[in-house]
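One structure is given below, encoded as structure tokens.
Note that the structure is a prediction, hence the values are computed from the model and not measured.
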Amino acid sequence: MTPDAHDAHYPRLPTDTDNGLLLIISGPSGVGKTTITRGVERSIPDSVFSVSCTTRAKTEADVEGVDYHFVNHDEFQELIDADAFLEWADVFGKRYGTRQKWVEEQLHRGRLVILEIDVEGAKQVKAKMPCAYSIFILPPSEDELLRRLQSRKRESQEQIAKRFAEAQREIAEAKACAVYDTFIINEDLEAAIQEAIMKVKTARVAHKQRCSDNTPS
Ligand code: 5GP
């Protein structure tokens, strides 16, 4: 993926969107955030999932353009230089970023735009768009998170230990940084999905109300 000709010239985001709502979903590895994110996307008809750019290697489970846009380091750097990202961050030594122009277009169409991003990215987005609604998914306990990471059988013990340490750091940071509007504990996956849907629908009604209150008559 190369920078779009318009990326650098696209108007900057307004501090608050006046129609669509931006939804941030974060959480540590193994907490079930992708399933919860996709559950929200399926249940809210005009929602769209933001497909991030990443320099991480594509796995067998990944579909280009659906899970991520896979780019190399130079391509990612070109996008940074073209000021094409709403936010970007280094996660586990690889870069991940959200294309600003696409997000803006979707918001202007009044959509619910879902970003599944880490805490660093969420901080950047909230600083630019305080109106974004942000959810952090928590495990029922750290022991349970470790058990879930081990049961995925995807990684070596060393990699699991690294992910677990990173998850502990991320949870502590999410609780301390005051960026998240709400926390959802994923004890039961279906209940967590329903809680997320309910909270997003409520946030959306409140957002639309704020927008119409601010519209000059
Ligand atoms: P994975 O490689 O396991 O799919 O994702 C690793 C981490 O990167 C997850 O915490 C995920 O939420 C985060 N991530 C994915 N896309 C983005 C993005 O565009 N920006 C940021 N800041 N983080 C992202």
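With no hydrogens or angles considered, no side-chain donor-acceptor pair links Gln124 and Glu120 at under 3.5 Å. Side-chain contact of Ser29 with Glu166: a donor-acceptor pair under 3.5 Å is absent, judged by distance alone.
Closest non-hydrogen pair, Arg148 versus Pro140, comes out as NH2-CD, 3.5 Å. Heavy atoms only, all atoms of each residue included: Pro139 and Ile171 are closest at CD-CD1, 3.8 Å. Contact detail for Ala122 and Ile117: the closest heavy-atom pair is N-CD1, 3.5 Å. Counting all heavy atoms, side chain and backbone alike, Ala127 lies closest to Pro130 at O-CD, 4.4 Å. Between Gly39 and Ile197, the closest heavy-atom pair is O-CD1, 4.0 Å. The minimum heavy-atom distance between Lys126 and Ala132, with the atom names listed, is NZ-O, 2.7 Å.
The backbone N or O of Leu86 lies less than 3.5 Å from a partner atom in the side chain of Lys128, making a donor-acceptor pair. Lys101 places no side-chain N or O within donor-acceptor distance of the main-chain N or O of Ala84, the cut-off being under 3.5 Å. With hydrogens and angles disregarded, a donor-acceptor distance shorter than 3.5 Å links the side chain of Asp181 to the backbone of Ser134. Although no hydrogens or angles enter the test, the distance criterion places a donor-acceptor pair under 3.5 Å between the side chain of Asn186 and the main chain of Val31. A donor-acceptor pair under 3.5 Å is absent between the side-chain atoms of Gln106 and the main chain of Val103, judged by distance alone. Proximity of a side-chain donor or acceptor of Glu144 to a complementary backbone N or O of Ser141 within less than 3.5 Å is not detected.
Taking CG of Leu138 as the reference point, atom CG of Leu145 lies at 10.0 Å (rounded to 0.5 Å). Atom CG in Leu21 sits 5.5 Å away from atom CG in Leu112 (nearest 0.5 Å). Between Ile193 atom CD1 and Thr37 atom OG1 the span is 9.5 Å, to the nearest 0.5 Å. To the nearest 0.5 Å, atoms CD (Glu155) and CG (Leu149) are separated by 7.0 Å. We find the NZ-CZ distance between Lys175 and Phe183 to be 7.5 Å, quoted to the nearest 0.5 Å. In this structure, Leu22 CG and Leu107 CG are separated by 5.5 Å, a value rounded to the nearest 0.5 Å.
In the displayed structure, Glu187 atom CD is contacted under 6.0 Å by at most 12 heavy atoms of other residues, nucleotides or ligands.
Counting heavy atoms from C-beta outward, Val51 and Trp102 have side chains that stay 4.5 Å or more apart. Put simply, the side chain of Arg204 reaches to within 4.5 Å of the side chain of Asp46, judged on heavy atoms. In this structure the side chain of Phe49 never reaches within 4.5 angstrom of the side chain of Val66, judged on heavy atoms. Using a 4.5 Å cut-off on side-chain heavy atoms (C-beta onward), Cys131 and Arg210 make contact. Taking 4.5 Å as the limit, every side-chain heavy atom of Phe164 sits out of range of all side-chain heavy atoms of Gln150. A 4.5 Å side-chain heavy-atom check between Arg152 and Arg163 finds at least one atom pair inside the cut-off. At a threshold of 4.5 Å between non-hydrogen side-chain atoms, the residues Asp62 and Thr59 count as touching. No side-chain heavy atom of Val179 sits less than 4.5 Å from a side-chain heavy atom of Phe136.
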Quiz: residues 91-98 side-chain donor-acceptor pairs under 3.5 angstrom, not counting sequence neighbours:
residue	atom	partner	partner atom	Å
Arg95	NH1	Gln77	OE1	2.9
Thr98	OG1	Glu87	OE2	2.5

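In this structure, Lys162 does not pair ionically with Glu158, as no charged nitrogen and carboxylate oxygen lie closer than 4.0 Å.
Using a 4.5 Å cut-off between side-chain heavy atoms of Ile, Leu, Val, Met, Phe, Trp and Tyr, with links allowed through other members, Met198 and Ile25 fall into different hydrophobic clusters.
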### Message
Quick one, Leu79 with Arg99, criterion side-chain contact (heavy atoms from CB on, under 4.5 Å). Give me CA distance, side-chain angles, the key distance, then yes/no.
### Response
CA-CA 9 Å; Leu79 290 164; Arg99 290 286 289 258; 3.6 Å; yes

### Task
Would you please test Cys53 and Phe85 for side-chain contact (heavy atoms from CB on, under 4.5 Å) and show each step?
CA-CA 9 Å; Cys53 296; Phe85 288 123; 4.2 Å; yes

### Message
Using the rule given for side-chain contact (heavy atoms from CB on, under 4.5 Å), can you reason through Glu173 versus Lys123, listing the C-alpha separation, both sets of side-chain angles and the distance that settles it, and then say yes or no?
### Response
CA-CA 11 Å; Glu173 176 65 15; Lys123 285 185 196 167; 2.4 Å; yes

